[in-house]
Every structure is written in C-alpha cells, then in structure tokens.
Number of protein chains: 2
Amino acid sequence: MLTDRQLLILQVIIDDFIESAHPVGSRAISKKDEINFSAATIRNVMADLEEMGYLVKTHSSSGRVPSEKGYRYYVDHVIGPTIDNRNLNIMKDLIHGEFIEFEKLVQKSAEVLSDLTNYTSIILGPEVFETKVKQLQIVTLTDHSAVAILVTDTGHVEHRSFTIPAEISPSDLEKIVNILNERLKGVSLARLPELLTTEVVSLMRKYVQDFEKSFNYLQSAFFQEQPVKLYFGGKTNLLNQPEFTDVNKIRSFYQMMENEDQVVNLLKTSQHGIKVTIGNENKIEEIKDFSLITASYQFGSEKMGTIALIGPTRMEYRKVITLLNALSNEMTDALYLWYKNNG
Amino acid sequence: MLTDRQLLILQVIIDDFIESAHPVGSRAISKKDEINFSAATIRNVMADLEEMGYLVKTHSSSGRVPSEKGYRYYVDHVIGPTIDNRNLNIMKDLIHGEFIEFEKLVQKSAEVLSDLTNYTSIILGPEVFETKVKQLQIVTLTDHSAVAILVTDTGHVEHRSFTIPAEISPSDLEKIVNILNERLKGVSLARLPELLTTEVVSLMRKYVQDFEKSFNYLQSAFFQEQPVKLYFGGKTNLLNQPEFTDVNKIRSFYQMMENEDQVVNLLKTSQHGIKVTIGNENKIEEIKDFSLITASYQFGSEKMGTIALIGPTRMEYRKVITLLNALSNEMTDALYLWYKNNG
DNA sequence: TGTTAGCACTCTCGAATGTCGAGTGCTAAT
DNA sequence: ATTAGCACTCGACATTCGAGAGTGCTAACA
C-alpha cells in the first residue's frame, strides 16, 4: 500500500508524463504548486516508487517514467470521475440529433470520439441479436442468380447474392420466400437459425419439392454468420503521437488493424462496463506498446456492441474513461429510446 | 533526341535504381552484361544525360538518380510491352472465377493487384450508369420511418432510410412505390433522374394526393447522387518502400487517402487507356513524391470505372503498366460477358 | 527522525572531428 | 572515340568531447 505522499507524487509524475512525454525529474516535480517538498525528498520517494515497480528509469541517471504497473495503479486507484462538460455536451448533441439508421450514429460517434481524444476509435456492432426481421425478400436477377435481402426493424439492410442451383425451380423459390416471410417476420435475429431448423423446415418439407437441397443451400447462402461491422475514427491520429516514430512499429500496427477479424476478437472479449488494458496486458503482440480502453453499450441487459479507443500507454486515461463512459451511456439511452419509439 | 547509347544507359540506370533504390555509379553500370563500355565512358554519357535533365545527383560526387523527366522519358519511350505470364494468369484465374456481384470481383481485384505489385491499389466504381433497375421497394419500419431499397440487375443493392413526412399517408406511399416500380423497372440508372421528372411525375400527380411534397421528398431522400465506391488493396504496402521513412510524409499521405472525395477526384479525371502521372505532375500536394498509374475499364464505349496503383516515383513502371493493362482488359471483358449472360 | 542542501557521479544528446569508400571529372595515352 | 589513371569531393559512420539534466548519497539541520 502506498502512503499519501507516494500516491501524490506518483500521480503528479504520471500526469506530467502523460502531458509531456518526457521523463520527469525531481526538480520539475518540486516546482509544482501542489508539491511542498524539496527535490531531494522527492528523489527519495521516487526511489521507493521505483523499487516498488511503479516507475522506471530510461537510463541510470534519467528522470522517471511510469511503468505499466504504475499506469495500472493510476487507473485503478487515482482516477476519480472527472467531468469535462464541453466534451460531454458535444457528444450529447451528437446523439440527440436526428437519425434513423443506428449505423450512421455509430459512424459519427466514432469520428467525434477520435477527434476529441486524438487517438483512434473503434466501434463494434451493434450486434443485431435483438433486432427483428421486418421483411425478407429474394429478387431473382436471372434464371440462375438472385439476391436475398433482409430488412430489420432498425432499418438495417443485409443482402447477399447467390446462384440458384439447377434443382430449385423459380416457383419453389417463390414458395420458399413466402414461407420464410410468413414465419420469420418479427422474429429476432438471434432466434433465426433456431426457428429456421425447427418450424420452417417442416413447413417447407410440405410445400416445396426437393426441399432438402433448397434448404441447405439457402441456409448457407443467407443465414451463415453475419460479419460484425467495425467503424473506425481517426485512423491516422496515432501518427501524431511522439512515441510513434519507428516505421516498423507503424507498419505492424496498421497491418494488425487491417485484419478485421483480429480487431473484432480484440473488442468482443470485453465484458460489461469500462475495461482498461495496458501495454503487455494485451494479448496481441502488435499492440503490446498500446493501451486499449473498451466500453460496452447495451439494450436492456443485452450487450449490443463495444466502443474502444486505442492509443499509446501514455494515454489520457482520465479524459478517455470519462468520455467513453458517457458515450456508452448515451448510446445505451439512444438505443432504448429508439426501441421505445419504433418497436 | 537521345542517341542509342544514351538511351541504353538511361534505361539501365533506371532499371537498376528501380530495383535497388540506391544511386547508381558508373562502375556498377559498366559491369552489366549488356554494357560494353568502360566506367569512364559511361561517366561521360551520364554527364550528358544529367545536363539534359534526365538524371540528377544526390550530392556532388554521388551516383546518379533518375529525375522525373528521366522517368517520363523512360515511360514514354523505353518501355515496351512486357508480358509476365505468371502474373497475368493469376489475374485471369481470378476474373474467370465465379462471381455474381461485380463488387466482389472488384474488391478481389484490388487485393490481387496490390499483392502482385507491393504498391497500393485503388479501384473506382463501377459506375452504374448502364445498370438497370431490377426492383424498387419501400419497407416501412414505423409510422414515420421507412427504408427504400433499390436492386439493380447487377445484384447491387442500394438502400437509404428516411423519415416519412406527416403529409404523406401510408397509402400514398404504397401508391408511389407501385408507380415507381411499374415505370422504372428495367430503366438504366443513368436515365433515372430524367424519367423521374418527366413520365413519373405526371402519373403521380394523377394518383397521389399532395404529390409535390411527396415527390420532392422522395427525390431528395433516394435519388440524390450516389457516392461512387472506392476499393483499396494493400494500404500498408507502401510502408515497405525504403523512401517511406519520414513519419510526416507517411501521415500526410494517409490523411490524404482517408479523404475519399479527394481520391475519387484524383481517379475520376483519368481518360481512357493507361495514364502515368509522375511525381510533381500530380496536382495533389501530398502525392508529389508518388507516381499514380490509372487505367479505365469500360462497358462498350462507356467508361465504367478506374483502376489505379500508387507507389513511389521509383516504381516498376514496366510491370505495373502491363498488369494494369491486362486487368483493365479483363474487367472490360468480364463486364461484357456479364451483360451478355444476364442482360 | 524526517527533511534538505550540497556534491560527486552518470548518462544522453548534439556538435565537432576524423576516416573510409564510393563516385566523379579531367587529362593523357591508346 | 575510348579508356586508364589520378586527384578530388562528399556522405556515412565512428569517435570524442562538453554541456546539461538528473540521480544517489552524505552530512547538516529543524
């Protein structure tokens, strides 16, 4: 456990380093308003903090830099709720603006978030488990090709084109669509695969010739797992950070970000609430120098998606956490309102 | 005009520099198989070429590097059609594979192109002037919101959601859609706006109450100009190029690339056939160190879109031009076949 | 006993200097 | 016209050096 003084000095050092990105020396600390000890005293404390692992030196006679353990302690124990009204208002205005498609809102949120922080924002989702099928349709393009369109009650449109196997006749296809529409309208997407294999199958068996093939085909063409959508903001922001000088580091980072599956995985594991992952706490090699802050937004108790910010370990945790917290609440609210008005 | 020998040496220097990225010295040149002069002779020729502006020195006693004028001469006069069968076959296989949506093919092409070249590929379009309306539909979500869906005969699906103004009743909306569907089915997208304002307007005036508002609204919501789509491949490839070391340069380049409008403009101006833009010939400040090669693909005589590669001025022009030429032909062919089979 | 001033020491950073090698231009010989 | 030879130039790289920032330790102090 840290003494009050140790805590104070740790905090001041981290705050200073977050702002300046330069190692912090005892003299600079002693000059701060909130500090009333001499540089020598501070040196003693710093030596203690270093021994405990909260600070490190870049070389034997340099100032101190926070270690990952230091950041962790800072995030867990030092940060109180800080409210930055100006930024929060920007976000509220954004969310309460007119929107019909949730996706537009999400994209905009990602941009605002990255603009406000100068880091890179990633938003995952919303996952559409709770959204319901509004309409299902198959438009035939030619004798052997067609496009299936699924509209949800959130205004989301999924489409997939496929070739029609020779075994399926146009009239069969029409029947299939009719059946699907009748039985699936209003069903939540989460229950789709289940319903498809139970109720619908039996119905189709009754009316559609050669049904097995049709069914298998349709299922694979249209109801295979939907890719979750990713929205980015400020992809180039990190290039402004002073720690981002090595081209190899830049390359490995951006190559990682290009791999959407990997990014989705990174965000998907996040639990409810805010989660801070600092440096080596990240499992992915390429971002072991970065910190990742994630927050989820929900509908009811159902997790809908994840908002995340990625930046250097020297991150403005206080600001970022406040902002992410607020945005996740706003999005949760917006989602609730949306359903209330439209559902 | 250059003598044969000058031409030969210019070519060898450029080829060497393209491969090595290092200034080329007279000694190195003299050792090449195709060169039978001594280093001293070559030095004289190099001095001539420099005087004429085709080569520059990086400092007073360095080897020579091609100038932009040098590259220009190389591209205009030196490059003959070179055929790299292996790469061309990869592309043919790609194009002749099964595809229904043209967009999937385009995305895949972009990826293959960047993989084969190690530069960044950008594909614009296809612009959908010639594609025809297959079906038009409006799905109402709630009393005051709906989503309009347009399916083209190419399997492309456009959708846009909008709020329904209070003045328009659900039955009116339905009538509108019926009319639109009846009159617009099979119409090419290029003629859409025109038809909308002539034929359809009069029909709608007849059947739909309060039609003016409906019409204006619908037009603005759905038929406003569609953004042209961009496909990228190998966005991080350029980070592997040795000239890409300065973080500022990297940043300004990627920021430029994030601005889709700008990129679209860059590619849109391109005429038919292959066009090479070297360094300062580019109008956009951020890519004055790069070369851009564009090629268009067509349907009939109608230009459909643009394929482009962007890389350092030290680019493998020969390979790139061959590849781009081939891909644009393949895409043009594919497009033709597509319409023949489906149209 | 906790705090502080003082001081010797350490290490980085940038400027200055020296050396090496690649490459050139010029001249004279072929 | 071509080439060998040679003096010269310049960048790349290593080395040295001093300044400055910062530390740890010790002894004096409240």
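Reminder, nothing fancy here: chain letters follow the sequence lines and each chain counts from 1.
The separation between B:H22 atom NE2 and C:dG21 atom P is 18 Å, rounded to whole Å. Atom CD1 in B:I42 sits roughly 11 Å away from atom P in D:dA4 (whole-Å rounding). At whole-Å resolution of the value, CG in B:L55 and P in C:dG25 are 11 Å apart. If you take CG of B:L49 and P of C:dG25, they are 12 Å apart, rounded to a whole angstrom. Straight-line distance from the CZ atom of B:F37 to the P atom of D:dA4: 14 Å, rounded to whole Å. For the pair B:I29 CD1 and C:dA22 P, the interatomic distance rounds to 16 Å; values are reported in whole Å. B:M46 places its CE atom 9 Å from the C1' atom of C:dT24, with the value rounded to the nearest Å. Straight-line distance from the CG atom of B:N36 to the C1' atom of D:dA1: 15 Å, rounded to whole Å.
Within the structure, every side-chain polar atom (N or O) of B:K57 is placed at least 4.0 Å from both OP1 and OP2 of C:dA22. When the side-chain nitrogen and oxygen atoms of A:S61 are compared with OP1 and OP2 of C:dT12, none of them lie within a distance under 4.0 Å.
When distances are taken from the side chain of B:S38 to each of D:dG24, C:dT12, D:dA4, the shortest belongs to D:dA4. For A:N44, the listed nucleotide lying nearest its side chain is C:dT4; candidates were C:dT4, D:dA1, D:dG11. Which of D:dT3, C:dT4, D:dT23 sits closest to the side chain of A:R64 comes down to D:dT23.
The 12-atom threshold is exceeded at CD of A:E34, counting heavy atoms of other residues, nucleotides or ligands nearer than 6.0 Å.
Using cut-offs of 30° and 60° for the angle between ring planes, the B:Y71 and B:F17 rings count as tilted.
The backbone N or O of B:G53 lies less than 3.5 Å from a partner atom in the side chain of B:S67, making a donor-acceptor pair. Judged by distance alone, with hydrogens and angles left aside, the side-chain atoms of B:T41 form no donor-acceptor pair with the main-chain N or O of B:F37 at under 3.5 Å.
Counting atom types as modelled, B:R27 pairs no side-chain N or O with a base atom of C:dG23 as donor and acceptor under 3.5 Å. In terms of polar N and O atoms assigned as donor or acceptor, the side chain of B:R43 comes within less than 3.5 Å of the base of D:dG5 in a complementary pairing.
Within the nucleic acid shown, A:T41 comes within 4.0 Å of at least one base atom, counting heavy atoms only.
The pair A:E258-B:K235 does not count as a salt bridge, with every side-chain nitrogen at least 4.0 angstrom from each carboxylate oxygen.
Nearer to the 5' terminus of DNA chain D, by closest-nucleotide assignment, is the contact made by B:A39 (compared with the other of B:A39 and B:S60).
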